[in-house]
Amino acid sequence: MIKVMRRLCRILLLLAAVPLLHGCWDNKDINHRSLPLVMGIAKQQDKYRIYLQIPSSDPQNPQMKVVAESGRTVTEAVDRISMNMESQVDLLHLKVILVEKHFAQEGMADIIEGFIRARDISPKAKLVICNESLERFFENMKTAIAGNQTILCDFFDKNAGWNPSIAQTHIWETFRSIHSYTRDVIAPIIQTGKDTIIENVGSAIIKNGKMVDRINPNETLLYYAFKGASTQGKIEVLDHASVLIVNNTVSHHGKIVNSKPLLRSTIRLKVSVLETRGDPTMASIRQELEEIEAKRFAKLFKKMQLKEADILGVGQYFRTDLSRSELSHWRSVYLPKAELQLTIKAIIQNNGNLKTTGM
Amino acid sequence: MDKTLQVIVMCIVTHLGLMFFLFPSDVMETVDVGHWLPILVGYLLHFAFVALYTKGLAYYDRHDLIDIFLTGGRTIAVLLLLPLAVYFIMVNIITVRAYSEIITIVFLSNTPLWAIMALLLTIPTYIAMTGIESIFRTGMLLAILFLPIVLFVICVSFHNTDWHYLFPLLERDSFNFITERPFLKSLFIFTGSFLFLGFVRPTVTYNRRRILIASWILLPLVLLSVYIPLLTFGQDTASMLQFPFILAVDTIDITWLMFDRITGFFLLGMVTFVMLFVGLVMWATNRLIHRCMPRVRPEWITLMLGMVIFAASLFVRDWGSVHRLFWWNSIFRIYAFSVIPLATYLFGVMKARKLQVSP
């Protein structure tokens with residue numbers, strides 16, 4: 001009898017654990033949550049104005065919804081939006097953080113640190129800078145698109161609309177650059193276009209969370225080439241031809257000479273010829289490509305030194321030569337007097353389906 | 001029965017559960033440059049003491065730590081083991097409290113602490129009640145279930161690393177850290193989970209040499225737990241983070257994986273490992289207390305212990321007090337880490353001498 005009772009007790013105890021098994025505490029079902037994809041941040045006087053683009057889950061009415069609210073902190077504004085909406089705003093799946101240019105120039109270190117601290121925004125979200133007022137940007141977006149609600153995300157997605165002339169920077173990289181001695185980042189600048197919905201107008205140089213200058217899309221491409229990231233598929237237009245970059249490799253060697261940092265870099269570009277104007281020889285195309293890239297690069301490097309913003313991460317190559325205390329002055333002392341010896345080697349891998357003379 | 005494999009798995013799994021949270025930030029607080037040095041020093045100390053401890057235990061066949069110390073008389077045994085019992089109980093309280101706080105900081109920000117702590121304690125209490133053999137079996141099961149995921153996450157966490165952050169490797173006066181507070185705190189991951197070896201002798205036998213060889217697996221894991229966030233963010237940024245490794249995992253962006261955040265899988269694996277660790281330490285404490293109160297059934301002791309730990313964890317108010325408690329426990333930790341293995345070894349040597357003299 002006692003044995004039966006014991007067994008019964010055990011079974012009851014096991015059954016009592018069943019309600020706990022789903023592990024839900026104060027869950028809200030997915031249909032009671034709104035999952036915004038894009039967050040726009042602008043600053044008006046000392047208040048943030050937050051825009052959230054929330055895709056609708058209703059297939060009958062795929063309207064893009066943009067809600068906006070102001071607050072002294074980002075969380076206050078988001079909380080207000082959440083309060084006024086019928087569902088809870090959940091920032092977990094936020095993909096793009098769109099910052100108005102004026103605010104970016106003022107400095108956004110505070111909000112970036114807030115994102116990392118609170119952890120409700122993924123550190124993988126991308127930082128994008130908007131060239132026009134957010135009010136207008138979202139208004140134009142709304143009228144331009146009916147069906148596709150993920151357009152901004154697709155624009156920056158490596159598997160969709162991304163292209164090596166568009167900078168791509170995540171929140172965590174920006175956070176790292178705020179505190180790093182030797183590293184700054186670039187972020188893409190966009191605006192609504194006439195024919196295409198979004199237009200890439202270059203990249204912002206962001207130093208310690210503050211936009212200090214901008215570079216054009218061509219320089220952005222060089223930035224990726226220098227980083228050794230793939231610039232594959234990019235078309236370069238020269239005076240006499242246009243070529244397709246098939247592959248690129250880099251090597252860097254940093255050395256301190258007479259207390260001046262000297263960086264020797266080689267960028268190898270493999271290209272294939274797409275179009276020619278007139279009758280250039282292969283050698284002249286190659287030379288033209290090398291010259292044009294070297295010239296652009298010199299300009300980019302000078303701009304970087306002028307602003308003391310190490311977007312290329314040049315300081316990284318001197319970590320073996322400089323001590324930590326020296327590295328902490330990298331941007332102000334060493335970078336302005338740094339010298340770059342850049343060799344660009346172009347290799348014309350093929351010239352397409354036509355034979356060309358004068359290789 | 002020879003259970004070397006189970007003992008090894010148990011050691012590795014419990015260490016894994018401890019090393020990825022507080023340890024990286026402790027090491028980064030210890031030194032700015034050359035993090036491998038404090039890690040290596042900590043590890044070598046660990047290895048030396050494990051070697052001494054198991055050597056001492058090997059002199060006694062099928063005796064546990066209590067039996068060994070009782071050969072020196074009751075007073076000595078109490079004097080030696082009382083601090084150990086205090087250490088074990090403190091470890092349980094701190095682990096449960098700290099990990100519930102980690103869980104709220106990292107992912108369950110809305111769930112009340114007591115619910116998480118209750119969950120974190122019920123399962124270990126149950127495991128501890130069922131005895132050492134089922135603890136070992138659970139360890140094997142958890143290892144089979146979660147080790148592949150954890151190893152996968154560790155492999156892909158190289159995703160965003162930049163090897164330049166490895167440098168500078170060493171700077172002058174790098175050895176000053178030995179007496180620093182963060183270093184002494186960082187030793188905790190090495191202390192907790194080898195002392196159980198002294199309690200399992202009566203039921204489980206193991207091959208000492210193979211355990212010592214296998215413990216070298218820990219070294220690369222410990223190095224990775226610090227170096228992955230370091231190579232991803234750099235010292236300046238990583239040292240600002242509460243849980244650098246977790247954020248480093250958060251930044252992983254794998255397009256072919258259907259899950260957006262793999263941190264969840266990693267954390268759940270870690271939490272189960274920690275539960276196992278708490279269960280193991282509770283079982284060892286239970287053995288100590290049971291020797292003092294042989295009349296009371298061990299199950300009741302474990303249950304009471306669970307309640308005491310739960311009540312004590314409720315009293316710890318905030319994250320700051322967790323850290324204070326953690327620091328106060330250092331005295332006991334260093335005692336358990338060094339004196340217990342040394343005493344065991346001395347007892348072993350004395351016994352061997354007696355055997356030589358008497359026949």
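A, B, ... follow the sequence lines: proteins, then strands. Residue 1 opens every chain.
Both the backbone and the side chain of A/S122 come within contact range of chain B, each with at least one heavy atom under 4.5 Å from a heavy atom of that chain. In this structure, the portion of A/L322 lying under 4.5 Å from any heavy atom of chain B is its backbone and not its side chain. Both the backbone and the side chain of B/T232 come within contact range of chain A, judged by heavy atoms closer than 4.5 Å. For a residue to count as touching a neighbouring chain, one of its non-hydrogen atoms must lie under 4.5 Å from one of that chain's; by this rule A/Y181 touches chain B with backbone and side chain alike.
Salt bridge status for A/R183 with B/D162: present, with a side-chain N to carboxylate O gap under 4.0 Å.
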Sequence neighbours left out, cut at 3.5 Å: what donor-acceptor pairs do the side chains of residues 239-253 of chain B make with other protein atoms?
| unit_1 | atom_1 | unit_2 | atom_2 | d |
| --- | --- | --- | --- | --- |
| B/S239 | OG | B/Q235 | O | 2.9 |
| B/S239 | OG | B/D236 | O | 3.3 |
| B/Q242 | OE1 | B/W319 | NE1 | 3.2 |
| B/D250 | OD1 | B/T263 | OG1 | 2.6 |
| B/D250 | OD2 | A/R119 | NH1 | 2.7 |
| B/D250 | OD2 | A/R119 | NH2 | 3.2 |
| B/T251 | OG1 | B/N160 | ND2 | 3.1 |
| B/T251 | OG1 | B/A248 | O | 2.7 |

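Between the side chain of A/D184 and the backbone N or O of A/D310, at least one donor-acceptor pair lies under 3.5 Å.
No side-chain donor from either of A/E308 and A/S332 sits under 3.5 Å from a side-chain acceptor of the other.
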